[in-house]
Amino acid sequence: MLSVRDLAVTFRTRRGDVPAVCGVGFDLAPGETLGIVGESGSGKSVTSYALMRILDAGGEIRSGAMTWNGTDLRNAREAAMRKIRGGEISMIFQNPRAALNPIRKVGRQIEDVLRQHGRATDRDAMGKAIAALEAVRIRNGAERYHAYPFELSGGMCQRIVIAIALACEPKLVIADEPTTGLDITTQKAVMDLMRDLIRARGMSSIVITHDLGLAAEYCDRLCVMKDGEIVETGPSAALFARPSHAYTRKLVDATPRPGVGVRDLLPAEARTPLPVHEPKAKKLLEVVDLVKTYAGKSGPVHAVEGVSFSIREGESVGLVGESGCGKSTTSAMLVRLLDPTSGAIVFENEDMAAIPADRFARDPRRGRIQMVFQDATDSLNPRHTAADAIAEPLRRIAGLRGKALDARIDELADLTGLPGHLLRRFPHQLSGGQKARVGIARAIALEPRFLVLDEPTAALDVSIQATVLNLLADLRARLGMTYLFVSHDLAVVRLLCDRVIVMQSGRIVEEGAADAVLEAPTHPYTRALVEAAPKPPRSEVVLRAVG
Amino acid sequence: MAGAGHPVLWRIVQTIPVLIGVVVVSFVLTRALPGDPAVYFAGAMATPESIAEVRAALGLDQPLVHQFFRYCAALLQGDLGRSVSTGQPVVEDLATRLPASLELTLCALVLSCAVAIPLGILAAVRQGGPIDHLCRILVTAGVSLPTFFTGIVLIYVFYYLLGWAPSPLGRLDFVYLEPPRVTGFLLVDTLLVGDIETFFGAARQLILPSVTLALFTLAPIARMTRAAMLSALSADYVRTARAAGLAPRTVLLTYALRNALLPVVTTLGMVFSFVLGANVLVEKVFAWPGIGSYAVEALVASDYAAVQGFVLAMAVLFVLLNLVIDLAYALIDPRIGFSAK
């Protein structure tokens, strides 16, 4: 039905032409679901934009052929392409809230597509748009028709994006990272919904994702892309079980899955023995009945409602929950960036909650509690070099200057595996993994006792995530740090943590040893979280590692 | 309490402290200016006695606080005092001068938007193309030529050489009868009495000064439209719209332009305020009886009442302008609602 041969796309930039896709080819049969998997910059999204001929400015199809049911997509006239886009082939995008026009009612946005393709007239457009909303399992379609995207949740927005894509009953749907930025239970709901609709209507689909596990669960066949080329193609289960290309093997290895340790994520040759990590019996931190209430427009908002737990010295605890569950608020209070409404934070037998957050920066204990922030890019000053970023806490709190400062920065760079020549670079000149290392180096600069990691790998590719997680495991053993690992991803938390705390709507719903909670969750919410995680097929690599 | 008019009313109430501040500051500042109005009005042949006489007549021999309260009391009754240089009540002066300036400024802005917004859109759509370059040249030329220069060139070409434009002598040629004043806007007043001939007469007088001002204001509006359109066109929702096969026209107007309008409206508000304050030169060149030249003359003469009246009128105008812009925001973007807080 769709056939792509030798597709090559280049982008014109000021520094000359940059190839994004070179020689990609695949076929798609009616009713088939194809997964295109690759890390950022592999050219997977560009391939789909080229198919729809909606490449950004500067992008150009250099060579190759794309045939859709006998139509030459590469040379079709723009008017013909407009009929195909949305009518025969449509797309679902990542980041659903941004993918919708922020100032147009969602119902109107669906109507726009229906009218464009002659599926609706002025008289019946509204009814058909409401029907399209109800088809993606949105209740009260008539009411939601009048909503603006900012009034809807991320999952709801993604349903609208799906409704727009499916409104005109296309034959092929291309989903570009359809669940990035969504919670794990929402991700499952959206993916299941998409799969059901696509099956029910007998459509073909292409799922583009960086998540090998997700692709393997939902796709019949996978293409693995690297640097603009397809390195391997095959049925999902077989490709996962017996990856033949070295890169596929690396991706499979790096995908967190049940039954593997943090070292197993690395390529076989890098699997050094994991340093021993023994939590002590002494309590380092005790949180007693912590409450945070914000004043909202319509009454108080209870972000955290009486949370109590304790962390032993040298222990790693995972704080898990979906967005809005209060885990970030809790961690911000623990690192004393936010004042609790009530409750105590007893750290090394002193109540930290007694010191206001805005004065804690000048407190001598500031250096003992540090944080690694979620987005490595946003948490670095774009006008400070890597060395400046690492030097900041050393200068301000430790008072280091001159040679001593430089020596300590070099030492930290060494410790976090950041090559010395990168220290003089600015954040935009560093890769995601390198920026993560800078963030970690900055946080451990003062040798904190307690480190809060707020989704430190959420924005990273899986292979980078694997190395960063291993780095964190090594540092913990070397520096004897205690971790609070905040994440929405149970599979990642399990790799690093001894114990897991699960939060829902500002309360702790379950707490226990990491493996126990993951394998036999007792609370229904934890069970939902565990079940929603994509389950990659077992690979032989894993079996070998386990057995 | 949740009536539709309530948030707007609340906005207006919020402006009262601003206006009180303006009254106080304008009063103090005019007193602080160098120059003694009594000496100025007593004339070149004045003796100390005649100066003292004039000072007493103007009420300037009273203590400052006393003068301020007298001014405020009069203000509350709608009396802005009497201008010593024109001999008219300031309210009367403003009522004739302000509409003249507003009419000119509004015409210039409408003209400017009509050119600048389409130009900005085209420049963004064909980024790096000939229209983009043309836009850049026109805009740079417009903003780098001083208004009095463009004004004089336009008069030279269109009035002196070609004879297409009427003589640049104010709002209406003397052959027309001025319509009864209702709004003060000649274009509106002439239509109200159905005097089409005078309407065109007034419109012809307006063309050259409006073009002069419009050229000057093209730059910020066109540049902002272009920048806002560029960012809107590269937004995710535009890609969604394109991927859904929507016609280029719909993508451009319904999806990109409406989102790009917010910064354009902001710029428009800023341009309006600086043009209204800065069109003195255009008013001088075209002998336009506007508020800019009135204010400058009053300032030179230390005509306290007139200067204060002018400042106050401008303050009220800007407060209203900001209100209109806020309302426009709320109309364009549903995310911005009026909250009564």
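Note on naming: letters A, B, ... go to the chains in the order of the sequence lines (proteins, then strands), and numbering restarts at 1 for each one.
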**Item:** CA sep, side-chain torsions, deciding dist, call: B/Tyr237, A/Arg104, side-chain hydrogen bond (donor to acceptor under 3.5 Å, both in side chains)
**Value:** CA-CA 11 Å; B/Tyr237 51 81; A/Arg104 197 164 171 79; over 6 Å; no
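- Contact residues of residues 141-177 of chain A toward chain B are A/Tyr148, A/Phe150, A/Ile164 (heavy-atom distance under 4.5 Å).
- The interface of residues 249-256 of chain B with chain A, defined by heavy-atom distances below 4.5 Å, comprises B/Thr250, B/Thr254, B/Tyr255.
- Against chain B, the residues from residues 114-132 of chain A that qualify, each with a non-hydrogen atom under 4.5 angstrom away, are A/Gln116, A/His117 in number order.
- For B/Ala235, no part sits under 4.5 Å from any heavy atom of chain A, backbone or side chain.
- Judged by distance alone, the side chain of B/Thr240 and the main-chain N or O of A/Leu100 form no donor-acceptor pair under 3.5 Å.
- Among all heavy-atom pairs drawn from B/Arg239 and A/Ile54, the shortest one is CG-CD1, 3.9 Å.
- Contacts of residues 109-127 of chain B with chain A at a heavy-atom distance below 4.5 Å are absent; not one residue qualifies.
- Across every non-hydrogen atom of B/Arg242 and A/Arg85, the tightest pair is O-CD, 3.1 Å.
- Of all the listed residues (B/Ala241, B/Gly245, B/Ala247), the one sharing the greatest number of non-hydrogen pairs under 4.5 Å with chain A is B/Gly245.
- By the 4.5 Å heavy-atom criterion applied to side chains, A/Pro102 and B/Asn259 are counted as neighbours.
- Among A/Asp112, A/Ile92, A/Ile84, the residue making the largest number of heavy-atom pairs under 4.5 Å with chain B is A/Asp112.
- The nearest pair of heavy atoms linking A/Ala98 to B/Asp236 is O-CB, 3.3 Å.
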